[in-house]
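To start, the structure itself, in structure tokens.
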Amino acid sequence: EFRDMRAVYGELPVMRYPAAKDCGPQYIRGIAEWADDGTFAGSKQALWLIYCVNKEDLWVSRVPLPVKPDETEFPTDDWAKATPGGVVPGWNLYSPKWAPATVVEKAGKRSLELRDGDPFDYARALRVFPETAQVRVELDVTPEQANGRLELELCDGGGRRPVRVMLTETGTVQATDAKGVTDLAKYAAGETVSLLITADAAASRYRVQVNGGAARELAMAEAEAKTLQRLSLRTGIWRGLPNEKVDPAADVPLPNPTVFQVHRVKIAAP
């Protein structure tokens, strides 16, 4: 009997060596002997899973126990008390070897860093909040370059992405609505971008303010989403099935990875 099912690994990276094989995570096994970081003791237990993806890479997932599929409180995160390189409480991280998502400390301040030096993958951080039709999200992020990409999305429980805001490779902050992509502002390397997003899924509308400027109202990209449940931060474009053809010889770390420092995230009911 199965119930309350949730995805542990919900990504489909590009298949670099296509052949007669299935995509996605396969051959899942639990790890016991290797989990020696103390998380098996007391109330801080964790379940460790190992599996291959696309029959190419081996992945490890750490799942805190007891499993908490839903969130009951609206979160505020500034990572001041988080351990650099350690577990990031409350967040679901997708952290490839060449595109890590982790807490770092620079100049005495800690932040959630999304670093992407992978030619075929991205870093991703996802924060679940109580399911609601209306939500307000405040976020401060510092890009170390003006030619990288960071996509911020508010999603429903099924993965629809009605609210989409992007820091793009052209140094522009953009947002997507039912009519297309809209330019909101310019951004520069090393300068913090403050975003305020207020969304009403029931009305299929949302508003975006950049650095305290005038708010821009947009129509949601996917009107089918009537509630919102998670914030997604991703250093690459959204992808579907891994049917892209790539050159395996290019599967080496990029010489100049893109880096985004997320300083503060506050999610609340409006």
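Sequence positions, counted from 1, serve as the residue numbers for this chain.
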query = What residues form a salt bridge (Lys or Arg N to Asp or Glu O under 4.0 Å) with Asp177, not counting sequence neighbours?
reply =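 Asp177: no salt bridge (Lys or Arg N to Asp or Glu O under 4.0 Å) contacts found.
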
Other hydrophobic cluster members with [X], side-chain heavy atoms of Ile/Leu/Val/Met/Phe/Trp/Tyr under 4.5 Å, chained?
{"X": "Phe120", "result": "Val14, Val246"}
{"X": "Val252", "result": "none"}
{"X": "Ile237", "result": "none"}
{"X": "Trp98", "result": "none"}

task = Establish, from distance only, whether the side-chain atoms of Thr235 and Arg124 form a donor-acceptor pair under 3.5 Å.
result =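 No pair is found: no donor N or O on one side chain lies under 3.5 Å from an acceptor on the other.
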
In residues 23-30, what donor-acceptor pairs under 3.5 Å come from side-chain atoms, sequence neighbours left out?
residue: Gln26; atom: OE1; partner: Lys55; partner atom: NZ; Å: 2.3
residue: Gln26; atom: NE2; partner: Asp22; partner atom: O; Å: 2.9
residue: Gln26; atom: NE2; partner: Gly24; partner atom: O; Å: 3.0

query = Listed by chain and number, what are the side-chain hydrogen bond (donor to acceptor under 3.5 Å, both in side chains) partners of Asp78, not counting sequence neighbours?
reply =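 Asp78: no side-chain hydrogen bond (donor to acceptor under 3.5 Å, both in side chains) contacts found.
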
key: Qualifying residues under side-chain hydrogen bond (donor to acceptor under 3.5 Å, both in side chains), relative to Gln229, sequence neighbours excluded   =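 Checked Gln229 against side-chain hydrogen bond (donor to acceptor under 3.5 Å, both in side chains); matches are Asp70.
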
task = Mind jotting down which residue pairs meet the salt bridge (charged side-chain N to carboxylate O under 4.0 Å, His left out) criterion with at least one end in residues 231-243? Sequence neighbours excluded, please.
result =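 Only Glu11-Arg239, Asp121-Arg239, Glu151-Arg234, Glu153-Arg234 qualify under salt bridge (charged side-chain N to carboxylate O under 4.0 Å, His left out).
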
query = Between Glu56 and Lys21, is there a side-chain N and carboxylate O pair less than 4.0 Å apart?
reply =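 So Glu56 pairs with Lys21 through a salt bridge.
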
key: Glu138/Arg136 salt bridge by N-O under 4.0 Å criterion   =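 Yes, this pair counts.
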
Show me the donor-acceptor pairs, under 3.5 Å and distance only, between side chains in residues 190-198 and residues at least two apart or in other chains.
residue: Thr192; atom: OG1; partner: Thr142; partner atom: OG1; Å: 2.6
residue: Ser194; atom: OG; partner: Asp140; partner atom: OD1; Å: 2.8

request  = Please test Glu71 against Arg230 for salt bridge (Lys or Arg N to Asp or Glu O under 4.0 Å), starting from the C-alpha separation and ending with a verdict.
outcome  = CA-CA 10 Å; Glu71 187 54 75; Arg230 63 190 76 165; over 6 Å; no

Results of ring pair (Phe, Tyr, Trp, His ring centres under 6.0 Å) for Tyr9 - residues two or more places apart only =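 Listed in chain order: Tyr51, Trp59, Tyr94.
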
key: Inter- and intrachain pairs under side chain to side chain donor-acceptor pair (under 3.5 Å), touching residues 80-91, at least two apart   =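 Sorted result for residues 80-91: Asp77-Trp91.
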
query = Would you say Lys97 has more than 12 foreign heavy atoms packed within less than 6.0 Å of its NZ?
reply =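 Not more than 12 within 6.0 Å, no.
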
